[in-house]
Amino acid sequence: MISSAPVRNLDTQDPYAWIDKSMQTIHRANWYRQVKTIASQPGAVVELEGRSVLNFASNDYLGLAGDDRLKQAAIAAIHQYGTGSTGSRLLSGHRPIHRELEAAITQWKQTEDAIVFSSGYAANLGTISALVGVKDLILGDEYNHSSLKNGAKLSGATVLDYAHCDMAALQHRLEEHRGNYRRCLILTDSVFSMDGDLCPLPELLTLAETFNCMVLVDEAHGTGVLGSTGAGGVEHLGCSGKPLIHMGTLSKALGSLGGYVAGSAPLIDFLRNRAATWIYTTALSPADTAAALAAISIIQSEPARRQQLWARVAQLKTSLETQLGDGSSIQILPSESSIICLQVSNAETVLAASQQLLTQGIYAPAIRPPTVPTSRIRLSLMATHTTEHIEQLARAITLTVPG
Ligand SMILES: *Cc1c(COP(=O)(O)O)cnc(C)c1O
């Protein structure tokens, strides 16, 4: 007979009952989130739940997700190679366009090689967990993206955060802890996704060199947008060619789907042998691969798209600053990117503000805890917004957003 500890009310227990309770807590905190349906092409104007609205909620910074040339490239790749990539690249082989895309990323990022993953999230999980383990240390900016934080957890390394963009705090951590660990990996976004500000990369790289640390820079919101060739925040901050690990996504400014890591040839070869999220998953689809490849070529040959985006960013900042005035309770968070955030006092107010903007035809999401420490309206600008779109946005904000 198997003996076990007595359990009370075993047959009346529902092992899933906790979910209802948990959802009630989420509702009470105004943290509940729901998906809205867009039944149109991606772009500056979209059809959201049956009405036409100005879209400030997309990461499609250059308006390429709806570009005919990307569509044609994806369709051609489907005709040539089919819809599925049929398996892991190591076991089932890859298509020529997978290596062509990796070569294009390598050349753009000025590295020795690159590897593409099925998503940016998978790229971070697989890369971080391959590079460090239980004997190692990870130092990360407190505002880093979820994929960096979860990659760090998965690695089994000791993980310590440092205050946002605070290089003195990072140095302090290094002085105190670096000596106790084998390898050290510093993780940072180049453009912080929920704030829009930039990492002080030159200072960070100097610290990394002094303390013998690897550095992984997440360029999800920098690639295609920042830098003289659009290569990203690393280029913009004058750090091209420095020894670091470039990571980014194909799914934001590049208008496709997938992620990448670029760096030295040994690093990339190591990842092909050790990154579980690359080895044990199906290769990027031919359509996504071809669309990303087409996007890189357009971004490199059409700098005017980026210039247009920066002109819209400047226009919005100027109008908000003049219309809101000094005494305004709306605070524009410091930004050096195409992400501009308006800080609002709490989750309930920011939800109401986002809802009011929507009634005026403006789609601008409310970002709340636990995603960020303070509530805000997050505006994401696109090269394909017109000057009238920006004027309409600035007017609506002045009318509706409370402090
Ligand atoms: C979006 C994002 C990712 C994840 O990229 P996906 O390709 O969407 O999985 C990683 N890091 C940052 C900073 C991001 O904003």
Side-chain angles (χ1 to χ4, degrees), residues 35 42 56-62 64-65 70 101-102 105 109 114-129 138 140-155 161 164-165 185-199 201 204 215-226 232-234 236-237 244-262 275-278 281-285 287-289 291-293 295-296 335-341 365 367 370-372 376 378-382:
V35 184
F56 294 98
S58 152
N59 297 316
D60 182 22
Y61 299 112
L62 300 174
L64 291 176
L70 270 71
L101 174 58
E102 288 168 343
I105 294 169
K109 298 283 177 177
I115 177 172
V116 293
F117 291 77
S118 317
S119 76
Y121 210 110
N124 272 336
L125 292 190
T127 301
I128 297 166
S129 59
I138 289 178
D141 189 291
E142 62 176 333
Y143 287 4
N144 274 346
H145 189 260
S146 156
S147 55
L148 291 170
K149 296 193 174 215
N150 279 329
K153 263 190 213 164
L154 183 64
S155 75
D161 278 358
H164 179 51
C165 288
L185 173 63
I186 301 174
L187 301 176
T188 186
D189 285 12
S190 64
V191 177
F192 286 87
S193 55
M194 293 299 143
D195 294 73
D197 56 346
L198 303 186
C199 155
L201 196 57
L204 189 148
V215 176
L216 184 151
V217 180
D218 183 331
E219 291 262 53
H221 299 274
T223 297
V225 174
L226 286 170
V234 173
H236 174 74
L237 296 164
L244 59 88
I245 302 165
H246 304 248
M247 174 275 157
T249 175
L250 309 173
S251 38
K252 287 170 181 159
L254 272 55
S256 180
L257 181 68
Y260 68 82
V261 172
T277 62
W278 187 81
T281 196
T282 303
L284 211 57
S285 81
D288 292 322
T289 308
L293 197 49
I296 293 176
S335 160
E336 293 173 83
S337 69
S338 43
I339 300 163
I340 295 171
C341 292
I367 313 287
T371 308
V372 288
R376 66 204 63 182
R378 178 177 183 270
L379 303 164
S380 186
L381 269 55
M382 298 171 65

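Note that these values count all heavy atoms, side chains included, but never hydrogens, waters or copies made by symmetry. Counting starts at 1 for both ligands and their atoms, in listed order.
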**Prompt:** Under 3.5 Å, N or O to N or O, is Gly120 touching ligand 1 that way?
**Reply:** yes
**Message:** Between Ser380 (side chain only) and Ser58 (backbone N and O only), is there a donor and an acceptor less than 3.5 Å apart?
**Reply:** yes
**Request:** Give the atoms of ligand 1, by number and element, whose distance to some non-hydrogen atom of Ala220 is under 4.0 Å.
**Result:** 2 (C), 11 (N), 12 (C), 13 (C), 14 (C), 15 (O)
**Message:** Only heavy atoms of Ser251, strictly under 4.0 Å: list the atoms of ligand 1 that pass.
**Reply:** 6 (P), 7 (O), 8 (O)
**Asked** Got the closest protein heavy atom to atom 3 (C) of ligand 1, with its distance?
**Response** His145 CE1, 3.4 Å
**Message:** Assess, by modelled atom type and distance only, whether the side chains of His221 and Tyr61 contain a donor and an acceptor separated by less than 3.5 Å.
**Reply:** yes
**Complete:** On a heavy-atom basis, the closest approach of Glu142 and His164 is OE2-N, 2.8 Å
**Request:** Taking Ser338 for its side chain and Leu381 for its backbone only, find out whether a donor-acceptor pair lies under 3.5 Å.
**Result:** no
**Distance filter under 4.0 Å to Asp218 heavy atoms, resulting ligand 1 atoms** = 10 (C), 11 (N), 12 (C), 13 (C)
**Prompt:** Short list, please: which atoms of ligand 1 are under 4.0 Å from a heavy atom of His221?
**Reply:** 14 (C), 15 (O)
**Request:** With rounding to the nearest 0.5 Å, note down the distance linking OG in Ser119 to CG in Leu125.
**Result:** 7.5 Å
**Message:** Whether the side chain of Ser337 engages the backbone of Leu198 through a donor-acceptor N/O pair (distance < 3.5 Å, no angle test) should be reported.
**Reply:** no
**Item:** Ligand-side contact atoms (ligand 1) for residue partner Asp189, heavy atom cut-off under 4.0 Å
**Value:** 13 (C)
**Asked** N/O to N/O below 3.5 Å, does that happen between Thr249 and ligand 1?
**Response** yes
**Prompt:** Between the main-chain N or O of Thr277 and the side-chain N or O of Thr281, is there a donor-acceptor pair closer than 3.5 Å?
**Reply:** no
**Any N/O pair Tyr121/ligand 1 closer than 3.5 Å** = yes
**Prompt:** Within a strict 4.5 Å, meaning less than it, do heavy atoms of the Phe192 and Asp141 side chains meet?
**Reply:** yes
**Fill in**
For Ser147, the atoms of ligand 1 under 4.0 Å from one of its heavy atoms are 10 (C), 11 (N)
**Request:** Could you establish whether Gly248 and ligand 1 come within less than 4.0 Å of each other, counting only heavy atoms on the residue side?
**Result:** no
**Request:** For Gly258, counting its heavy atoms only, list the atoms of ligand 1 lying under 4.0 Å from any of them.
**Result:** 7 (O)
**Asked** Gly259 near ligand 1, heavy-atom distance under 4.0 Å?
**Response** no
**Prompt:** Between the side chain of Ser147 and the main-chain N/O of Tyr121, is any donor-acceptor distance below 3.5 Å?
**Reply:** no
**Item:** Atom of Ile105, atom of Ala262 and distance for their closest heavy-atom approach
**Value:** CG2-CB, 4.2 Å
**Request:** Distance to 0.1 Å, residue and atom name: give those for the protein heavy atom nearest to atom 14 (C) of ligand 1.
**Result:** Lys252 NZ, 2.7 Å
**Prompt:** Counting from 1, what ligand 1 atoms have a heavy atom of Ser193 closer than 4.0 Å?
**Reply:** 15 (O)
